[in-house]
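Each remark here refers to the structure printed beneath this line.
Letters go in sequence order (proteins before strands), and every chain restarts at 1. Keep in mind the model is a prediction, meaning the values are calculated, not measured.
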Amino acid sequence: MGGSLNANHLLFLGHGALWTIGLSTIALIGGGLLGFLIALARVSPSRAIRLLSGGYVQLIQGTPLLVIMFLGYFGLSALGFSISALMAASASLTIYVGAYFGEIWRGCIQSVPKPQWEAAEGLGLSRTQRMIKVILPQAMRIATPPTVGFMVQIIKNTSLASVVGFVELARAGQIINNSLFEPFLIYAIIAVIYFALCFPISALSRRLERRMGNGRTKLMPA
Amino acid sequence: MGLNLDFSVVLERWPLFWDGAVMTLKLAALAIVFGAIIGTFCAVGRNSGNRLIARACTLYVEAIRNTPLLVQIFLVYFGLASIGFKFSAFSVAATALAINVGAYTAEIMRAGFESIPTGQIEAAEGLALSRFQIYWHVILLPATEKVYPALTSQFVLLMLASSVTSQISAEELTAVANYIQSDTYRAFETYILVAIAYVVLSLVLRAGFWALGFALFPRRRRLGTAL
């Protein structure tokens with residue numbers, strides 16, 4: 001139909017891949033900031049804040065990202081904002097990633113051993129001091145492997161931004177396929193590019209996990 | 001221009017939503033059953049002494065876990081069609097989802113296998129249990145019991161991910177929503193209702209798995225906790 005795969009097509013795919021990376025970065029930063037707030041809210045001394053943030057996490061984790069994408073896209077325009085696909089996708093991914101990071105990091109904060117909290121309290125540190133100086137530095141160490149692991153999920157999930165018309169890697173592949181109709185070839189290339197983006201991060205996350213595991217076994221009594 | 005929500009025209013079409021939800025559950029159930037089987041065999045394969053089989057299983061797990069479900073579905077659906085195999089959207093969707101969740105299950109099961117102390121396997125060998133008996137009673141069942149919570153969260157995520165199959169027009173909940181919003185021009189309302197439906201479905205699924213856990217693992221029933 002539209003000829004065969006040429007350098008221009010590959011350039012277009014490369015452009016899509018760059019947008020996949022860009023959107024992943026936006027989601028990582030936005031979702032990271034939101035997730036941090038959620039994680040703090042989840043261990044807040046106020047019951048209302050805990051319930052509210054817990055409800056948010058439950059709600060988002062019970063909804064598919066695809067539906068959140070549509071809600072972001074149609075919802076924001078129903079509210080009267082005229083928005084681009086990039087904005088809708090960024091907002092949806094931020095909301096989604098924030099809930100997952102919030103839950104992951106809550107677990108990390110709570111897995112800092114109880115005596116550390118008590119010792120900090122015993123030293124007369126205020127709540128903020130205790131969090132910043134004692135708990136968070138240790139929680140961050142625990143949080144590194146799962147956070148890196150979740151980055152793979154973020155990259156893969158940006159493919160769903162294609163449904164609101166944002167031209168990232170998956171959408172770029174669809175567009176090229178519509179003109180060439182070589183689905184096997186094109187989607188295989190897309191899959192390989194995604195693999196090349198994700199696999200190093202998965203491998204890194206696994207390595208970090210193993211190192212953490214070793215550290216922990218060393219601390220355990222024989 | 002303020003927000004003006006009108007749910008009535010969307011709610012009128014509730015039988016469509018119902019059919020979509022049933023279809024979503026059917027897809028998820030098929031994918032979970034076959035995915036669990038694929039994943040368990042794959043975890044056993046990676047554990048086996050045969051290097052070729054272990055390599056093949058690792059390749060499968062890594063390939064699936066590092067590519068988006070959307071691309072996998074497109075590859076299977078349009079790829080098979082282009083070389084002359086024509087299957088219904090539903091069967092392609094169920095197959096792709098099963099292959100997808102199989103890889104995640106394999107990874108979780110492997111963690112379960114690794115948690116079994118070597119001493120228990122040696123003890124079973126000392127008791128002259130056959131290889132199959134050891135696998136079944138000493139490795140597989142206790143390992144599944146240990147990773148059951150992780151497995152069920154993965155399965156709930158799969159049910160949510162099945163929404164992606166709407167992109168090849170398998171007629172599940174999200175595809176129904178796409179149809180209804182184009183019919184009523186009430187996109188926001190439609191997707192709000194669908195989001196609520198998914199939250200309810202995931203709660204139902206969680207409750208179901210919790211009850212199933214009690215039925216499957218008698219120890220959980222007796223002790224009130226896993227292991």
Chain B contacts, top residue of Q174(A), E182(A), Q153(A) (heavy-atom pairs, under 4.5 Å): Q174(A)
Return the option, out of P183(A), A191(A), G173(A), S159(A), with the maximum number of heavy-atom pairs under 4.5 Å with chain B. P183(A)
I'd like to know whether [atom1] of [X] has more than 12 heavy-atom contacts from other residues, nucleotides or ligands below 6.0 angstrom.
| X | atom1 | result |
| --- | --- | --- |
| F7(B) | CZ | yes |
| R206(A) | CZ | yes |
| Y179(B) | OH | no |
| Y60(B) | OH | yes |
| F209(B) | CZ | yes |

Just so I understand: if I count every heavy-atom pair under 4.5 Å between each of V71(B), L201(B), L157(B), V76(B) and chain A, which residue has the most?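 The residue among V71(B), L201(B), L157(B), V76(B) with the greatest pair count is V71(B).
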Relative to chain A, which of I83(B), T190(B), L205(B) shows the most heavy atom pairs under 4.5 Å? I83(B)
Can you confirm if the aromatic rings of F188(B) and F74(A) lie within a centre distance of less than 6.0 Å?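 Ring centroids of F74(A) and F188(B) are no less than 6.0 Å from each other.
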Which atoms of E189(B) are under 4.5 Å from chain A, going by heavy atoms: the side chain, the backbone, both sets, or neither? neither
I196(B), part contacting chain A, at a heavy-atom distance under 4.5 Å: neither
Quick one: which residues of [range] reach chain A at under 4.5 angstrom, heavy atoms only?
| range | value |
| --- | --- |
| residues 159-175 of chain B | L160(B), S163(B), V164(B), S166(B), Q167(B), T174(B) |
| residues 62-70 of chain B | E62(B), A63(B), R65(B), N66(B), T67(B), P68(B), L70(B) |
| residues 109-120 of chain B | none |

Assign the ring pair F70(A) / Y191(B) to parallel, tilted or perpendicular, where the plane angle (0 to 90°) is split at 30° and 60°.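 F70(A) and Y191(B): parallel rings.
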What is the minimum heavy-atom distance between F184(A) and L75(B), and which atoms define it?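 That closest heavy-atom pairing would be O-CD1, 3.6 Å.
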Quick test of your reading: applying salt bridge (charged side-chain N to carboxylate O under 4.0 Å, His left out), list the pairs with at least one residue in residues 91-110 of chain A, sequence neighbours left out, ordered by first then second residue.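 Listed once each, the pairs are R42(A)-E103(A), E103(A)-R106(A).
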To the closest 0.5 Å, what do you measure between CZ (F74(B)) and CD1 (I186(A))? 12.5 Å
Quick one: what part of Q61(A) sits under 4.5 Å from any heavy atom of chain B, side chain, backbone, both or neither?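 Backbone only.
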Under 4.5 Å from a heavy atom of chain B, the part of T158(A) involved: neither
